[in-house]
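A short worksheet on the structure shown next.
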Amino acid sequence: MNGPDFARRDAEDPLAALREHFDLPPDVVYLDGNSLGALPRNVAARIERTVLNEWGTDLVAGWNRHDWIGLPERVGERIAPLLGAEPGQVLCCDSISVNLFKLLSAALALKPGRPVILSEAGNFPTDLYMAEGLQTLLGPGRCELRRLPADRVLEGLDEDVAVLMLTHVDFRTGHRHNMQAITRAAHAAGALVLWDLAHSAGVMPLSLDDSGADLAVGCGYKYLNGGPGAPAFLYVAKRHQQAAGQPLAGWMGHSRPFAFAPDYEPAGGIRRYLAGTPGILGMAAMDAALDVFEGVSMEAVRRKSLALTRCFIEALDALGLPGVRLLTPRDGPSRGSQVSLAHRDGYAVVQAMIERRVIADFREPDIMRFGFSPLYNRFADVQLASETLASVLADGAYREARFRQRARVT
Ligand SMILES: *Cc1c(COP(=O)(O)O)cnc(C)c1O
């Protein structure tokens with residue numbers, strides 16, 4: 001593709017107008033929405049209203065008057081259609097890490113006599129850490145984490161496995177699993193499936209209900225644009241909710257929290273997966289951020305996502321960049337919404353690109369990640385990013401020592 005082609009694609013893009021819903025700094029190409037989504041324009045006004053008109057004016061009455069108490073479910077119901085989930089199965093709360101603890105515990109309880117949590121060795125570290133923590137807490141015989149390489153993980157399905165825990169789109173490579181087929185394979189082996197949708201929700205249509213998924217978690221601050229540290233979400237298929245308890249039995253998950261009863265009695269539906277009081281400011285931002293998705297076809301979002309990533313891969317092919325290796329599948333159905341490239345000096349190259357106003361990120365050991373958010377990224381961004389990468393590599397600017405200084409957050 002050359003310049004005019006990129007311009008034509010933007011002119012013909014049916015989602016182009018959605019970019020107006022975001023407040024992006026001028027002259028920045030933002031390709032890190034898979035780490036922190038951009039700021040939707042209506043979020044600041046909503047936060048101000050929640051603080052001044054609700055909290056500041058109505059004080060404690062806000063819990064009822066503005067239904068703060070109902071936000072985890074209400075926001076969950078707005079996320080549900082993005083996941084292909086019928087009502088009553090999604091809750092917006094806590095972080096992915098905490099939600100994993102709740103749902104992995106629930107999965108083990110649903111499958112007595114099966115102690116194994118099966119996962120990929122390369123899964124996102126917090127997913128593995130939470131399973132390890134549970135293993136330490138419960139002890140061998142009640143919880144064992146089994147990790148296998150990605151291409152062999154299904155070989156680990158045996159009669160000891162309670163739950164197969166996978167991240168739908170790999171955060172390093174952008175490889176996407178076949179949710180339908182893997183869920184079927186796990187069920188055939190008598191195991192449950194827990195999907196981590198951190199790099200899927202908000203960027204492609206999903207079908208948790210139709211694929212028969214049991215459990216899922218996902219992220220509020222990536223493609224859902226809920227803001228730094230936004231609350232995450234969890235999904236529990238209706239058929240499991242009655243039987244599946246969870247150990248973080250806080251009062252917000254009680255059937256009658258304001259009865260202040262001495263004993264715990266879980267709420268009837270999805271609310272039982274709450275623990276403590278929700279952070280209302282973060283919830284309000286998350287709720288406002290979801291407005292952008294109203295009336296948007298997720299099939300159209302996926303089409304644009306695949307077109308953006310394909311254009312980027314083709315532009316890189318045409319440039320023939322030395323020392324750069326594509327890690328992301330070329331095959332569309334196997335790809336999420338990012339393009340990952342390996343380069344020996346990946347960290348420094350990304351820092352030099354950021355100085356030239358193209359924001360991507362780096363993941364150990366040598367991975368440069370370019371995340372594409374179809375709601376606000378343009379084909380012009382693809383062009384600028386590929387050209388900037390080529391110029392940084394060509395002029396060797398990345399070799400300067402200052403680009404090797406690691407920050408706390410990469
Ligand atoms: C971003 C991400 C997380 C984040 O977990 P938190 O506990 O919400 O910080 C977890 N898992 C995956 C796969 C991620 O990409």
Side-chain angles (χ1 to χ4, degrees), residues 1 5-24 29-34 37-43 75 77-86 90 168-169 174-180 195 197-211 216 218-226 233 235 286-315 328-339 370-383 385:
M1 266 193 0
D5 283 334
F6 289 104
R8 180 181 52 78
R9 305 256 352 199
D10 278 322
E12 292 171 356
D13 171 18
L15 302 181
L18 293 173
R19 182 176 169 89
E20 289 310 308
H21 293 304
F22 293 88
D23 205 359
L24 283 156
V29 172
Y30 192 61
L31 299 179
D32 213 4
N34 52 341
L39 169 64
R41 283 190 199 279
N42 62 344
V43 165
V75 177
E77 292 305 2
R78 298 190 70 196
I79 296 172
L82 303 176
L83 313 181
E86 287 295 314
V90 180
H168 184 220
V169 174
H175 175 274
R176 186 175 87 142
H177 282 302
N178 184 330
M179 182 183 287
Q180 227 101 13
W195 288 105
L197 305 174
H199 294 273
S200 317
V203 81
M204 61 187 69
L206 292 164
S207 52
L208 288 178
D209 285 352
D210 281 352
S211 55
C219 193
Y221 54 77
K222 290 171 182 156
Y223 294 115
L224 295 183
N225 312 307
F233 63 83
Y235 162 95
M286 187 73 246
D287 191 25
L290 292 168
D291 289 352
V292 180
F293 288 93
E294 290 294 332
V296 173
S297 148
M298 292 311 291
E299 282 75 21
V301 168
R302 174 68 172 158
R303 270 196 298 279
K304 181 174 173 187
S305 157
L306 283 176
L308 287 165
T309 49
R310 189 182 59 242
C311 280
F312 189 55
I313 291 170
E314 286 172 3
T328 303
R330 287 177 184 274
D331 165 47
S334 304
R335 194 160 78 233
S337 198
Q338 75 187 52
V339 175
F370 301 84
F372 290 86
S373 177
L375 301 184
Y376 51 81
N377 282 132
R378 303 163 300 191
F379 290 88
D381 295 340
V382 171
Q383 182 181 8

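Ring planes of His199 and Tyr223: perpendicular class, angle over 60° (limits at 30 and 60°). Using cut-offs of 30° and 60° for the angle between ring planes, the Trp195 and His168 rings count as perpendicular.
Between Gly336 and Ser305, the shortest heavy-atom distance links the atoms O-OG, 4.1 Å. Shown here for Ala289 and Val43, the closest heavy-atom pair between the two residues is N-CG2, 4.0 Å. Residues Pro205 and Glu299 share a closest heavy-atom pair of CB-OE2, 3.8 Å. The heavy-atom pair separating Tyr235 from Ala85 by the smallest distance is CE1-CB, 3.7 Å. The two residues Ala38 and Leu24 come nearest to each other via the heavy atoms CB-CD2, 3.7 Å. Contact between Leu197 and Ala216 at its shortest, heavy atoms only, is CD1-CB, 4.1 Å.
By the 4.5 Å heavy-atom criterion applied to side chains, Val382 and Arg9 are not counted as neighbours. Side-chain atoms of Leu224 and Phe293, non-hydrogen and from C-beta on, do get closer than 4.5 Å to each other. Residues Val203 and Val169 have side chains not in contact (no heavy-atom distance under 4.5 Å, counting atoms from C-beta outward). A heavy-atom distance below 4.5 Å is found between the side chains of Asp381 and Arg378. Two residues are said to be in side-chain contact when any heavy atoms from C-beta on lie closer than 4.5 Å; Val90 and Leu83 meet this criterion. Between Pro40 and Asp291, every side-chain heavy-atom pair lies at or beyond the 4.5 Å cut-off. At least one side-chain heavy atom of Pro329 sits less than 4.5 Å from a side-chain heavy atom of His175.
In this structure, Met204 CE and Leu82 CG are separated by 12.0 Å, a value rounded to the nearest 0.5 Å. The distance from atom OH of Tyr30 to atom OH of Tyr376, rounded to the nearest 0.5 Å, is 6.0 Å. The CG atom of Asp5 sits 11.5 Å away from the CG atom of Asp10 when rounded to the nearest 0.5 Å. Taking OG from Ser200 and CG from Asn34, the interatomic distance works out to 11.5 Å, rounded to the nearest 0.5 Å. Taking CG of Leu15 as the start and OG of Ser297 as the end, the distance is 7.5 Å to the nearest 0.5 Å. A distance of 12.0 Å separates CG in Asn377 from CG in Leu18, rounded to the nearest 0.5 Å.
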Please test Arg335 against Arg310 for side chain to side chain contact (heavy atoms under 4.5 Å, CB included), starting from the C-alpha separation and ending with a verdict. CA-CA 10 Å; Arg335 194 160 78 233; Arg310 189 182 59 242; 3.6 Å; yes
Give the intermediate values and the outcome of side chain to side chain contact (heavy atoms under 4.5 Å, CB included) for residues Leu39 and Phe22. CA-CA 6 Å; Leu39 169 64; Phe22 293 88; over 6 Å; no
As a quick check of understanding, evaluate side chain to side chain contact (heavy atoms under 4.5 Å, CB included) for Met179 and Leu208, giving each step before the final call. CA-CA 8 Å; Met179 182 183 287; Leu208 288 178; 4.0 Å; yes
Could you walk me through whether Val292 and Asn225 satisfy the side chain to side chain contact (heavy atoms under 4.5 Å, CB included) test, starting with their C-alpha distance in whole Å, then the side-chain angles of each, then the deciding distance to 0.1 Å, before giving a yes or no? CA-CA 9 Å; Val292 180; Asn225 312 307; 5.6 Å; no
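Distance alone, capped at 3.5 Å, is enough to place a donor-acceptor pair between the Ser337 side chain and the Phe372 backbone.
Within a 6.0 Å radius of CD in Gln180, other residues, nucleotides and ligands contribute more than 12 heavy atoms.
In this structure, a donor-acceptor pair under 3.5 Å is absent between the side chains of Ser207 and Asp210.
Shown are Arg303, Arg8, Arg19, Lys304; of these, the salt bridge (Lys or Arg N to Asp or Glu O under 4.0 Å) with Asp13 is made only by Lys304.
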